[in-house]
Amino acid sequence: MSTPDLAIEQELAGKRVGLLLAAGRGTRFDPTGRASKLLADLRGLPVAVHAARALRRAGLPVLAVVRPGACELAQRLAQEGCEVTHCPLADRGMGESLAHGARMAAQHGAAALVVALADMPFLDPAIIERVARRVGPADPVVAAGYAGQRGHPVAFDRSMFGALSGLGGDRGAGQLFAHWPPLVLETEDPAVLRDIDRPADLGDQRDADA
């Protein structure tokens with residue numbers, strides 16, 4: 001095992017790990033692909049940095065999945081203490097990024113994954129921590145919810161890593177929920193449903209959070 005791999009294993013082994021999915025193109029944010037929504041400024045920091053910090057403040061080591069060539073994003077996330085991995089098949093969709101992260105987590109002995117999206121910068125670390133504490137063999141899939149809707153983060157026990165590793169394409173873990181219905185922990189925070197989809201959402205979120 002190489003020294004970098006050993007360092008990652010020491011960071012992840014036996015722990016509940018935040019998996020930050022940061023490999024999307026965000027074409028609805030900028031159809032030209034020139035502007036990255038994950039690097040867009042929100043209160044002086046990139047959107048993805050807010051998402052990473054929420055996971056870190058919940059006490060989780062963070063494995064961040066980015067697309068090949070996303071050098072600036074990878075650097076910013078590494079500066080936040082994330083272990084960064086590039087998903088070579090990211091263009092095929094979120095399922096590929098999730099599968100890539102699950103394989104990495106399994107390889108390095110993680111106990112569970114707490115999956116968050118890098119374009120959801122307003123998650124409360126207390127909610128993330130609550131979801132992370134609840135997941136385990138008895139409740140292998142746990143999600144935060146609001147007003148009867150399932151949101152993020154979604155946590156998976158290690159027993160789910162094989163199923164997650166088999167995902168692909170543009171569908172995320174939702175395709176597994178028919179067989180493994182998540183335990184939804186209801187919250188009073190609509191941020192578990194909010195993402196940054198278009199540039200106007202940056203302003204909307206500031207207003208909503210004011």
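Here, residue 1 is the first one in the sequence, and each next residue gets the next number. Here the structure is a predicted model, which means the values were calculated and not measured.
- Put simply, CD on Glu80 and NE2 on His50 are 9.5 Å apart, with the number rounded to the nearest 0.5 Å.
- The two residues Ile127 and Ala144 make their nearest non-hydrogen contact at CG2-CB, 3.8 Å.
- Of all the heavy atoms in Leu202 and Leu42, the pair that sits closest is O-CD1, 4.1 Å.
- Nearest heavy-atom pair across Ala112 and Val135 is CB-CG1, 3.8 Å.
- When all heavy atoms are compared, the tightest approach of Ala111 to Phe161 is C-CZ, 4.4 Å.
- Results of the side chain to side chain contact (heavy atoms under 4.5 Å, CB included) test with Leu19 over Thr85, Val115, Leu117 single out Val115 as the only residue that passes.
- Counting non-hydrogen atoms of neighbouring residues, nucleotides and ligands closer than 6.0 angstrom, the CD atom of Glu186 exceeds 12 such neighbours.
- Looking only at distances, no side-chain donor or acceptor of Lys37 sits under 3.5 Å from a matching main-chain atom of Asp119.
- Val84 is not listed as a side-chain neighbour of Leu73, based on a closest heavy-atom distance of 4.5 Å or more.
- The line from CD of Glu96 to CG of Leu89 is 5.0 Å long, rounded to the nearest 0.5 Å.
- Put simply, CG on Leu20 and CG on Leu113 are 12.0 Å apart, with the number rounded to the nearest 0.5 Å.
- Within the 3.5 Å criterion, the main-chain N or O of Ala132 finds a donor-acceptor partner in the side chain of Arg16.
- Linking Ile, Leu, Val, Met, Phe, Trp and Tyr whenever their side-chain heavy atoms come within less than 4.5 Å leaves Val49 and Ile128 in two separate clusters.
- Heavy atoms of other residues, nucleotides or ligands lying less than 6.0 angstrom from CZ of Arg134 number 12 at most.
- In terms of heavy atoms, Pro61 sits closest to Lys15 at CG-CD, 4.0 Å.
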| Verdict with supporting geometry, Val62 and Leu77, side-chain contact (heavy atoms from CB on, under 4.5 Å) | CA-CA 9 Å; Val62 179; Leu77 293 175; over 6 Å; no
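- Between the CE atom in Met94 and the SG atom in Cys87 there is a gap of 11.5 Å [rounded to 0.5 Å].
- When all heavy atoms of Ala173 and Leu164 are compared, the closest pair comes out as CB-CD2, 4.2 Å.
- Annotation: the span from Glu83 atom CD to Leu12 atom CG amounts to 6.0 Å, rounded to 0.5 Å.
- In this structure, CG in Leu123 is found 9.5 Å from OG1 in Thr187, a value given to the nearest 0.5 Å.
- Put simply, Val184 and Val154 are part of two different groups of oily side chains (I, L, V, M, F, W, Y) that touch within less than 4.5 Å, one to the next.
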| said: Quick one, Val66 with His86, criterion side-chain contact (heavy atoms from CB on, under 4.5 Å). Give me CA distance, side-chain angles, the key distance, then yes/no. | reply: CA-CA 5 Å; Val66 303; His86 293 77; 3.4 Å; yes
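- Proximity of a side-chain donor or acceptor of Arg76 to a complementary backbone N or O of Ala48 within less than 3.5 Å is not detected.
- Atom CD of Glu188 sits in a sparse spot, with 12 or fewer heavy atoms from other residues, nucleotides or ligands closer than 6.0 Å.
- At a threshold of 4.5 Å between non-hydrogen side-chain atoms, the residues Leu45 and Arg53 count as touching.
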